[in-house]
Amino acid sequence: MAPALQATRNGTMAAVKGDAGGVGRSRMSSALVVAQVALSLMLLVGSGLFLRSLQRATRVDPGFDEPSHLLTASLDPALQGYDDEEGRALLDRILHEVEALPGVER
C-alpha cells in the first residue's frame, strides 16, 4: 500500500519524464523488499516445522489398541413415535439385551 500512496504524491509527470524519485524512494523500496523476503522466509520455515511436527505426530503410539471388533449404533426412539420416558425405557431394554449376548463386554 505504501508504494501506491507514494506514487500518487509525486505526480505522474515526474514518472513519465523518467525521474526515479530520489534516494528516499529507493530506500523505501529496498526496505519493503527486505521485509517481504524476511516474512516469506519466516512463513516457509514455520510451515516446514509444522509439517515435520505433523509427520512425527502420526507416528506417536497413543497408548491404547485401535478399536477392534467394535460395533456402535445410534437409535432415536422419537422417530418411531416414542415419547421421552418410553424411549429411555426402550433404550435401557435394548442395552440390557445386548449386554447379555455372548462376547459383549459392555
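- Separation of atoms CZ (Arg88) and CZ (Arg93) is listed at 16.0 Å; rounding is to 0.5 Å.
- The hydrophobic cluster analysis finds Val60 isolated: no Ile, Leu, Val, Met, Phe, Trp or Tyr side chain comes under 4.5 Å of it, directly or through other members.
- Within 6.0 Å of CD in Glu99 there are more than 12 heavy atoms belonging to other residues, nucleotides or ligands.
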Contacts table for residues 41-56: side-chain donor-acceptor under 3.5 angstrom, sequence neighbours left out:
unit_1, atom_1, unit_2, atom_2, d
Ser47, OG, Leu43, O, 3.2
Ser47, OG, Leu44, O, 2.9
Ser53, OG, Leu49, O, 3.1

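- When the side chains of ILVMFWY residues are joined at heavy-atom separations under 4.5 Å, either directly or via intervening members, Leu95 and Leu90 end up in two distinct hydrophobic clusters.
- Counting all heavy atoms, side chain and backbone alike, Pro77 lies closest to Gly87 at CB-CA, 3.7 Å.
- In the hydrophobic clustering, Val33 connects to Val37, either directly or through intervening members, whenever side-chain heavy atoms lie under 4.5 Å apart.
- Both Ile94 and Tyr82 belong to a single network of hydrophobic side chains, linked directly or stepwise wherever heavy atoms of I, L, V, M, F, W or Y lie under 4.5 Å apart.
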